[in-house]
Amino acid sequence: MTHPRTHRVGDELPSLEIPVTRTLVVAGAIASRDYQDVHHDAELAREKGSPDIFMNILTTNGLVGRYLTDHFGPTAVLRKVAIRLGAPNYPGDVLRLAGRITEVVTEETVQAVVRVTGDNGIGRHVTGTVTLTLPGPVTLTLPGPDGVVAP
């Protein structure tokens, strides 16, 4: 069993770089049932004034969630995700996610608020805050040789 990690206000999370591929953009749109042509048809996206297809907000939301659960582990539960998009994510670029813990409350569980940003080659793609909970310290009591758990 590993010891629970201590999370403190001001802690910086390691950054995560995600290549923005055409497949990622299209697959994210399909997985989130967003069939807007600007997320899968480059020609129609150009006709609408975009230089190429671009990532939808639901894919970005999922990548922000992945970033945090990769850091905090599979027992982290995302309670509130509030993000805002800025510069589009186009294929061929790289999304660089970064985070900083802005609040920690410890009770039976640990609740943390993380400020997340994501930049690409043309600017700030995403900003937001995510509130998540982590299980608190766990005390493990094993039965003795007679099968009885001591109080």
Side-chain angles (χ1 to χ4, degrees), residues 1-36 38-40 50 52-151:
M1 181 173 132
T2 61
H3 295 285
R5 185 180 183 286
T6 301
H7 303 286
R8 294 185 178 89
V9 171
D11 284 356
E12 300 281 337
L13 279 60
S15 64
L16 174 65
E17 292 191 355
I18 301 170
V20 180
T21 65
R22 191 165 298 281
T23 300
L24 175 62
V25 172
V26 174
I30 290 169
S32 61
R33 297 181 180 184
D34 183 347
Y35 303 117
Q36 296 276 334
V38 294
H39 302 308
H40 66 84
S50 178
D52 202 344
I53 62 172
F54 54 91
M55 186 176 287
N56 71 356
I57 191 169
L58 294 172
T59 302
T60 299
N61 196 57
L63 293 173
V64 166
R66 170 199 161 190
Y67 171 58
L68 293 172
T69 57
D70 279 0
H71 176 75
F72 289 102
T75 59
V77 177
L78 305 180
R79 297 292 181 186
K80 179 179 179 187
V81 179
I83 63 171
R84 181 181 317 197
L85 294 185
N89 258 341
Y90 295 115
D93 209 337
V94 175
L95 173 62
R96 290 169 190 83
L97 293 169
R100 184 175 53 84
I101 298 174
T102 60
E103 184 180 335
V104 176
V105 177
T106 305
E107 292 173 0
E108 290 107 40
T109 61
V110 175
Q111 179 172 306
V113 177
V114 180
R115 173 111 173 116
V116 177
T117 59
D119 296 329
N120 60 31
I122 58 176
R124 174 80 21 108
H125 171 67
V126 63
T127 57
T129 57
V130 179
T131 302
L132 52 96
T133 55
L134 307 166
V138 175
T139 303
L140 183 61
T141 306
L142 297 174
D146 58 359
V148 176
V149 175

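Note that the numbering runs from 1 along the sequence shown for the chain.
- Side-chain N or O atoms of Asp93 include one that pairs as donor or acceptor with a backbone N or O of Gly121 at under 3.5 Å.
- Within the 4.5 Å cutoff, the side chain of Pro88 has heavy atoms near those of the Ile122 side chain.
- To the nearest 0.5 Å, atoms CZ (Arg84) and OG1 (Thr127) are separated by 6.0 Å.
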- Message: Applying side-chain hydrogen bond (donor to acceptor under 3.5 Å, both in side chains) to Arg79 and Thr133, what does each step give before you reach the verdict?
- Response: CA-CA 7 Å; Arg79 297 292 181 186; Thr133 55; 3.2 Å; yes

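- Looking at heavy atoms from C-beta onward, Leu13 lies in side-chain contact with Leu68 at the 4.5 angstrom threshold.
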- Audit row: Val25, Asn89, side chain to side chain contact (heavy atoms under 4.5 Å, CB included) steps and yes/no: CA-CA 8 Å; Val25 172; Asn89 258 341; 5.8 Å; no

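- A side-chain donor-acceptor contact under 3.5 Å links His39 to the backbone of Phe54.
- The closest side-chain heavy-atom distance from Leu78 to Val130 is below 4.5 Å.
- Here the shortest heavy-atom pairing between Thr60 and Met55 reads OG1-SD, 3.5 Å.
- Residue Ile101 holds its CD1 atom at 4.0 Å from CZ of Phe72, rounded to the nearest 0.5 Å.
- Looking at Val126 and Leu97, their side chains come closer than 4.5 Å, going by heavy atoms from C-beta outward.
- At least one donor-acceptor pair under 3.5 Å links the side chain of His125 to the backbone N or O of Ala87.
- Checking side-chain atoms of Asp11 against main-chain N and O of Arg8 turns up a donor-acceptor pair under 3.5 Å.
- Within the 3.5 Å criterion, the main-chain N or O of Gly118 finds no donor-acceptor partner in the side chain of Tyr67.
- Here Asp119 contributes atom CG and Glu17 contributes atom CD; the two are 11.0 Å apart, rounded to the nearest 0.5 Å.
- In this structure, Val9 and Glu103 approach most closely via the heavy-atom pair CG2-CA, 3.8 Å.
- Residues Ser32 and Leu58 approach most closely at CB-CD1, 3.5 Å, considering heavy atoms.
- Under a 3.5 Å cut-off, the side chain of Thr102 and the backbone N or O of Val113 do form a donor-acceptor pair.
- In this structure, Leu16 CG and Leu63 CG are separated by 8.5 Å, a value rounded to the nearest 0.5 Å.
- To the nearest 0.5 Å, atoms OG1 (Thr59) and CG (Leu24) are separated by 6.5 Å.
- Note that the NE2 atom of His7 and the NE2 atom of His71 stand 6.0 Å from one another [nearest 0.5 Å].
- Nearest approach of Leu134 to Thr109, heavy atoms of both residues: O-CB, 3.2 Å.
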